[in-house]
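Let me begin by presenting the structure, written as structure tokens, before commenting on it.
Not measured: the values here are computed from a predicted model. Below, chains carry the letters A, B, ... as their sequence lines are ordered, and counting in each starts from 1.
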2 protein chains.
Amino acid sequence: MSVSKTIPVAWQRTHDHGQCIAGAIDAAARICESRGIRLTPLRRRVLELVWENHKPVGAYGLLDELKREHSSAAPPTIYRALDFLMEQGFVHRIQSLNAYVGCNDPGHSHKGIFLICNDCGDALEIEDKGVANTIDRFASRLGFLLTSQSVEAAGLCPGCQEA
Amino acid sequence: MSVSKTIPVAWQRTHDHGQCIAGAIDAAARICESRGIRLTPLRRRVLELVWENHKPVGAYGLLDELKREHSSAAPPTIYRALDFLMEQGFVHRIQSLNAYVGCNDPGHSHKGIFLICNDCGDALEIEDKGVANTIDRFASRLGFLLTSQSVEAAGLCPGCQEA
DNA sequence: TCAGCTTTTGTTATCTTATATCGTAACGGC
DNA sequence: GCCGTTACGATATAAGATAACAAAAGCTGA
């Protein structure tokens, strides 16, 4: 894969999928192993499908793909798998899109930021402590006990601005 | 309204609704006036309904309330009104709840943070430049052109922790 | 090994949220 | 008063998510 000079590398990371999928699945498998839980064929396949789309995908999009090879699949099939994958931190849900995307860095804190392109639909996950810490400070100042947070920003990615 | 000593005042702001509704409607009316757009009776009523619930409300919840007095209301009625109110910055959408809430401070930047209580369902809007600026910096560093952002944190508010 | 438990998946139905589409009515400038 | 624009009415349907219960698969220990 060649890297354009006009587009920051960090943005392109999302597009660099070829080998990433296998890596992500392997990582998930190892994590499951170490946690003593089961990455069943179904769950593994859904995780693959999430990664094979290089963009956030809706649950029913995944379901359509899964049905091609697994005709018994129904909405609960997908949602159960996604719930599992999210609990384990392998997949993120993009709230503003009702869509799901593979986590670049499972095992980590999951307090990332998503930059979502309104044109091409791609989403870049940024790991950052700064925003999360600011939110933490606000919460504790107000006596609020945090359990999760979601930071999403939408706009136009470098590639789509050119067009 | 009395202010508990164990709960930070800022959190309680959300609950102080009595006079706020009229104020919010008036503010919206003035802003519409100055922008040369129309706060029709329907739109005004939907804005009131949003405020009358002191928590984020779903579109179909609003629709049920609207139907009582306006039997012709249907989903598009509510969604059109909400779209208008959001465009004008009078109402926020809470992505993680698919729900809508009045904006404490229309006319302002709309780069707030929401702290959402998983127990009582209340949402506190915090105006903060820090998080927004951090996101802006990330975006411009990556060449991303921002148009909107959504920062939501969930957990337990002070009141619900006591229980 | 197989009985009994836990976890996962199958199956059907239903619920919630949101849009598409097309027709009609109200408003506002000229 | 005409006419373009904007707003609303009405129906249908898409899209997203969950409830509830049955069946199968995997694990565990006698």
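Residue B:T77 has no polar side-chain atom (N or O) positioned under 4.0 Å from OP1 or OP2 of D:dC8. OP1 or OP2 of C:dA18 lies within a sub-4.0 Å distance of a side-chain N or O belonging to B:R93. Taking only side-chain nitrogens and oxygens, A:N98 comes nearer than 4.0 Å to OP1 or OP2 of D:dA17. One finds a side-chain N or O of A:T40 lying less than 4.0 angstrom from the OP1 or OP2 phosphate oxygen of C:dT9.
Salt-bridge annotation for B:R45 and B:E52: present, with a side-chain N of the basic residue lying under 4.0 Å from a carboxylate O of the acidic one. Classification of B:E33 and B:R30 as a salt-bridged pair fails, no side-chain N sitting under 4.0 Å from a carboxylate O.
Across the protein-nucleic acid pair, B:M86 atom CE and C:dA18 atom C1' stand 11 Å apart, rounded to whole Å. Rounded to an integer number of Å, the gap from CZ of B:R44 to C1' of D:dC8 is 18 Å. In this structure, A:Y60 places its OH atom 13 Å from P of D:dA14, rounding to the nearest Å. In this structure, A:H70 places its NE2 atom 15 Å from P of C:dT8, rounding to the nearest Å. Rounding to whole angstrom units, CD of residue B:E87 and C1' of D:dT6 are separated by 13 Å. Between the CG atom of B:L39 and the P atom of D:dT6 there is a distance of 17 Å, rounded to whole Å. Put simply, CG on A:L62 is 11 Å from P on D:dA17, counting in whole angstrom units. Protein atom CD of A:Q95 is 21 Å distant from nucleotide atom P of D:dA15, rounded to whole Å.
Nearest to the side-chain atoms of B:L42 among the listed nucleotides D:dG9, D:dA17, C:dT8 stands D:dG9. Closest to the A:P75 side chain, of the nucleotides C:dA18, D:dG9, D:dT18, is D:dT18. In the set C:dA18, D:dA17, C:dT9, the nucleotide with an atom closest to the side chain of A:R43 is C:dT9. With D:dT18, C:dT19, D:dT11 as the choices, the nucleotide that has an atom nearest any side-chain atom of A:Y79 turns out to be D:dT18.
Nucleic acid contact class of A:F84 (heavy atoms, under 4.0 Å, all strands): none.
Residues B:L49 and B:W51 are members of one and the same hydrophobic cluster, defined by side-chain heavy-atom contacts under 4.5 angstrom among Ile, Leu, Val, Met, Phe, Trp and Tyr.
The residue among A:G58 and A:P76 whose nearest nucleotide of DNA chain D lies closer to the 5′ end is A:G58. Taking the nucleotide of DNA chain D with the nearest heavy atom to each of A:Y100 and B:A81, the more 5' of the two is matched to B:A81. Nearer the 5' end of DNA chain C, as judged by each residue's closest nucleotide, is the contact made by A:A73, out of A:A73 and B:A99.
Separating the CE atom in B:M86 from the NE2 atom in B:H92 is a distance of 11.0 Å, to the nearest 0.5 Å. Atom CD of B:E127 is separated from atom CG of B:D105 by 5.5 Å, given to the nearest 0.5 angstrom.
Side-chain atoms of A:S150 and A:Q95 include no donor-acceptor pair closer than 3.5 Å.
Checked by distance alone, A:R80 brings a side-chain donor or acceptor within 3.5 Å of a matching partner on the base of C:dG10.
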